[in-house]
Amino acid sequence: MSAFSVNPATGNNANPGTASAPWKTLTHALSQASAGTTISLSSGTYNAASGETFPLSIPAGVTVTGNETAKGGGISIEGSGETITSDGKQQVTLLMANDAQLRGVTVTNPAVRGTGVWIESTNPTVSNCTLKNCKREGVRVTGNAKPIVSHNVCQQNASYGIWIVKTAKGEIRGNLCQDTGTGIAVGDSASPLIAGNTLAQNRTGIILANDSFPVLRNNTIEKNLQDGLVLIGNSQVDLGSPQDPGGNIFRENGQYDVQNATTKSVTSAGNQINPTKVKGSIELVANESPTPIPTPTPTPTPTPTPTPAPAPAPTPSPAPTELTDIKGHWAQTFIQGLVDKGFISGFADRTFRPEARITRAEYAAIVAKAFNFPFKQEARNFYDVPSTFWGYNAIVKASRMGFISGFPDGSFRPAQNLTRIQAILSLVSGLGLSGGFPDEMLALYADRAQIPPYATNAVGAATQQQMVVNYPQLDRLNPMREVTRAEVAAFIYQALVARGEATAIASPYIVVPPTLAPSLFTDVQNHWAKDFILGLASKGFIGGFQDDTFRPDITMTRAQYAALIAKAFDPPVKRSPVRFTDVPETFWGYDAIRQAYQGEFLSGISPDTFAPNTNIQRLQVIVSLVSGLDLSGGSSAVLARFTDLGDVPLWARGQLATATQRAIVVNYPSRDRLNPLKDATRAEVAAMVYQALADAGTVPPINSRYTILA
């Protein structure tokens with residue numbers, strides 16, 4: 001793999017194209033690139049005046065990257081050139097080949113009917129970019145393309161933010177389309193997945209035309225001047241089902257939230273829609289998503305009429321010596337493993353009934369036997385679980401350990417069947433798992449659109465721990481399907497394996513996560529911080545880049561640091577949140593910054609400003625870890641070893657002493673030089689966060705010559 005650098009202000013195309021001697025134009029860099037090449041762009045404007053020739057074409061397997069954190073802020077590609085497409089001559093800024101990637105740049109096409117990024121019959125990725133002020137659309141997807149267009153900002157484009165036509169599919173995820181003609185348009189026979197996007201303040205949020213048939217999940221479509229969602233021609237849309245809720249929010253659109261101008265009826269299930277703002281044939285099946293287990297609850301659950309407690313249900317008898325109906329079953333070894341441990345049993349007729357569904361009460365009984373953890377929750381009196389109920393003690397124990405919660409109305413609903421996603425959420429919560437690189441893990445599942453947004457992190461964590469077992473198709477999670485007794489046995493057995501309490505089983509149905517470390521990081525094998533970096537990566541706390549690098553020596557922003565803190569420590573709330581004016585809810589790190597702030601790891605640089613894109617300094621990392629983890633007890637005598645102690649403010653010396661005393665401070669290359677005001681690199685942050693985790697007993701200590709021992 002090769003890496004090139006481009007700087008329109010200081011570069012020269014006669015240079016070797018390195019970081020210290022960059023090329024001047026992206027045009028030249030693209031002409032030299034081959035599959036596996038990463039082209040890094042410095043801040044500046046890339047246009048005809050700076051020497052670019054349009055349209056620019058990103059070859060197969062080549063990545064062009066700028067500033068993903070700022071969505072391409074300060075790195076602007078502006079221009080247009082004529083190219084021949086299947087739709088005739090077009091004015092285009094960028095063309096993308098198979099497996100090409102465009103990340104962290106701003107794209108503008110000022111030409112009449114100009115397109116920012118043209119994707120035709122290829123499968124590239126466009127992520128964390130800004131597409132703005134294009135005279136037609138920001139992104140055009142056509143032919144049989146299957147791209148990933150994710151987490152971009154499409155603003156002030158004349159016609160469309162994103163336009164998908166012909167037989168194109170692909171994933172349109174997490175984008176903000178705002179102040180444009182139509183946020184997303186789908187035509188011809190295109191059928192993309194449109195998930196997690198925000199379409200706000202456009203003329204129209206989404207328009208579907210011709211024979212298109214997209215899937216919409218978990219989008220927010222609001223405050224558009226005319227309509228939220230419009231269907232014309234013979235178009236159709238998947239807005240969810242009772243088993244797979246849509247999760248879309250339609251609100252405050254000028255005319256209609258949903259307007260169906262076709263002759264076909266649209267079924268909406270699990271979406272937020274105002275029935276008075278619907279036009280055409282719309283069947284509102286269920287406008288409430290199911291309550292997950294455990295909390296948080298995505299939407300309130302209506303209070304049911306109290307019913308008498310269920311009669312003692314078919315309770316499995318003590319395990320027979322041999323179960324008659326599991327021989328040859330795909331889950332036989334998982335089931336037998338739990339039976340041998342006494343955690344699960346068969347029925348009096350010597351059957352296990354592996355394909356039978358399992359109720360919440362029956363699940364609680366298994367969890368209560370399999371795990372013995374300290375109680376996390378206060379005891380609750382569920383009105384539908386009297387002390388005489390057969391599963392009372394198990395439900396109390398499972399609930400207090402944090403495995404399974406009740407409902408907001410005070411019920412437990414012991415006879416209600418459990419779904420697969422609820423079982424996964426339950427185990428992740430009870431075991432206190434975190435991490436898991438959700439984006440990489442979710443990519444393993446072909447039906448990932450069905451995973452509720454509140455469950456993505458849990459699925460990532462469970463996948464990372466190899467707790468997910470899918471039969472018969474490894475890539476089908478079937479999250480909303482009711483879970484069987486066999487599947488519960490497999491999940492719980494794998495949870496025991498993850499804890500080192502059971503022997504691993506070789507099964508073709510265990511979902512194995514992609515290897516994230518060390519093989520992905522091609523640039524840390526001889527780095528001084530290798531062990532720290534790989535230690536965090538193995539826990540799912542930190543990741544690398546799309547080109548398989550970690551880039552240990554580049555700096556880290558405050559937002560990126562907050563994201564690491566949120567994953568590594570999952571900070572509990574210690575103070576009320578603050579709304580920072582420079583961290584909108586659409587910002588990629590909004591949740592992590594909020595969590596790091598409430599956990600007292602980070603504060604704003606002013607009462608209402610966070611400065612998410614400002615680099616974090618080494619001393620700030622040290623102070624953050626001591627503050628967030630409530631550490632104390634350092635002796636000022638340990639500070640004498642630092643030759644640049646004079647650069648440390650007096651107010652921070654106590655925290656520095658504490659961090660030094662606890663072996664959290666890591667100095668490279670000189671152990672006695674702290675460099676407190678230096679911007680911290682990714683390697684330095686990884687090292688000190690790892691040491692803080694080691695101090696807490698979460699990870700084993702690492703013997704490094706650069707760790708400061710008091």
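With no hydrogens or angles considered, a side-chain donor-acceptor pair links S624 and Y561 at under 3.5 Å. When only modelled atom types and interatomic distance are considered, D257 and N274 share no side-chain donor-acceptor pair under 3.5 Å.
Take A659 and apply the side-chain contact (heavy atoms from CB on, under 4.5 Å) test, not counting sequence neighbours, and it matches I622, V626, I664, V665. With sequence neighbours excluded, the residues satisfying side-chain contact (heavy atoms from CB on, under 4.5 Å) with V578 are F580, Y597. The side chain to side chain donor-acceptor pair (under 3.5 Å) check on T484 picks up E487, with sequence neighbours excluded. Residues meeting the side-chain contact (heavy atoms from CB on, under 4.5 Å) test with N381, sequence neighbours left out: none. By the side-chain contact (heavy atoms from CB on, under 4.5 Å) test, F382 pairs with R380, D384, V385, I395, S399, F412, sequence neighbours left out. Taking the ring pair (Phe, Tyr, Trp, His ring centres under 6.0 Å) definition, one finds that F601 meets it with F569, sequence neighbours left out.
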Start with the C-alpha gap between V512 and T463, add the side-chain angles, then the distance that decides, and say whether side chain to side chain contact (heavy atoms under 4.5 Å, CB included) holds. CA-CA 7 Å; V512 179; T463 305; over 6 Å; no
Set out, in order, the CA-CA distance, both residues' side-chain angles and the distance that settles side-chain hydrogen bond (donor to acceptor under 3.5 Å, both in side chains) for Q595 and D570, then state yes or no.
CA-CA 8 Å; Q595 191 173 7; D570 191 19; 2.7 Å; yes
- Task: Just do the side chain to side chain contact (heavy atoms under 4.5 Å, CB included) check on I505 and V497 with the steps written out, would you?
- Result: CA-CA 9 Å; I505 287 173; V497 172; over 6 Å; no
Exercise for the section: Go through the steps to decide whether F375 and M401 satisfy the test side chain to side chain contact (heavy atoms under 4.5 Å, CB included), and finish with yes or no. Expected result: CA-CA 5 Å; F375 290 161; M401 286 193 298; 4.0 Å; yes
Please determine whether salt bridge (charged side-chain N to carboxylate O under 4.0 Å, His left out) holds for the pair R579 and E585, giving the CA-CA distance in whole Å, both sets of side-chain angles, and the decisive distance to 0.1 Å.
CA-CA 9 Å; R579 182 171 292 278; E585 291 187 15; 3.5 Å; yes
### side chain to side chain contact (heavy atoms under 4.5 Å, CB included) between Q336 and D340, intermediate numbers included
CA-CA 6 Å; Q336 193 62 53; D340 292 344; 2.9 Å; yes
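Across N260 and S281, no two heavy atoms sit closer than the pair ND2-O, 3.0 Å. The nearest pair of heavy atoms linking G247 to N271 is N-OD1, 3.3 Å. Scanning all heavy atoms of the two residues, the minimum distance from K376 to G402 falls at CD-CA, 4.5 Å. Nearest heavy atom pair, residue P414 against residue T359, reads O-CB, 3.3 Å. Annotation for I172 and P192: closest pair CG1-CB, 4.3 Å, computed over non-hydrogen atoms. Taking every heavy atom of both residues into account, W390 and A365 meet most closely at CZ3-CB, 4.3 Å.
Residues L323 and T351 fail the side-chain proximity criterion, which asks for heavy atoms closer than 4.5 Å. With contacts defined as side-chain heavy-atom distances shorter than 4.5 Å, the pair R251/T220 qualifies. The shortest distance between side-chain heavy atoms of I593 and L602 does not fall below 4.5 Å. Between L477 and I451 there is a side-chain heavy-atom pair separated by less than 4.5 Å. Put simply, the side chain of I335 reaches to within 4.5 Å of the side chain of P354, judged on heavy atoms.
More than 12 heavy-atom neighbours from other residues, nucleotides or ligands sit within 6.0 angstrom of NZ on K277.
Figure legend: R476 and Y445 shown without cation-pi pairing, the cationic atom not lying both under 6.0 angstrom from the six-membered ring centre and within 45 degrees of its axis.
In this structure a side-chain-to-backbone donor-acceptor pair under 3.5 Å is present from D325 to R353. With R420 contributing its side chain and M480 its backbone, the two residues share no donor-acceptor pair below 3.5 Å. Under a 3.5 Å cut-off, the side chain of N470 and the backbone N or O of D475 do not form any donor-acceptor pair. Side-chain atoms of T324 come within 3.5 Å of backbone atoms of R350 as a donor-acceptor pair (strictly under, hydrogens ignored). Checked by atom type and distance alone, the side chain of N417 never pairs as donor or acceptor with a backbone atom of R360 at under 3.5 Å. With hydrogens and angles ignored, the 3.5 Å screen pairs a side-chain donor or acceptor of Q598 with a backbone N or O of R575. At least one donor-acceptor pair under 3.5 Å links the side chain of Q332 to the backbone N or O of G328. Of the possible donor and acceptor atoms, none in the side chain of K397 sits under 3.5 Å from a partner among the backbone N and O of K369. With hydrogens and angles disregarded, a donor-acceptor distance shorter than 3.5 Å links the side chain of S426 to the backbone of F403. Side-chain N or O atoms of N218 include none that pairs as donor or acceptor with a backbone N or O of A195 at under 3.5 Å.
Each of I565, L693, T658 was scored for a side chain to side chain contact (heavy atoms under 4.5 Å, CB included) with L625, with one residue passing: I565. The side chain to side chain contact (heavy atoms under 4.5 Å, CB included) with I206 is formed by just one residue from the set V237, N197, I221; it is I221.
The distance from the CD1 atom of I282 to the OG atom of S268 is 7.5 Å, given to the nearest 0.5 Å. Taken from CZ in R485 to CG in L418, the straight-line distance is 13.0 Å, to the nearest 0.5 Å. Here the CG-CG distance, from L176 to L199, works out to 8.0 Å after rounding to the nearest 0.5 Å. To the nearest 0.5 Å, atom NZ of residue K567 and atom CZ of residue F541 are 9.5 Å apart. The CG atom of L239 lies 7.5 Å from the CZ atom of R217; values are rounded to the nearest 0.5 Å. Rounding to the nearest 0.5 Å places CD of E252 at 5.0 Å from NZ of K223.
Ring geometry for F334 against Y493 counts as perpendicular: the plane angle is over 60°, on a 0 to 90° scale with 30° as the lower cut.
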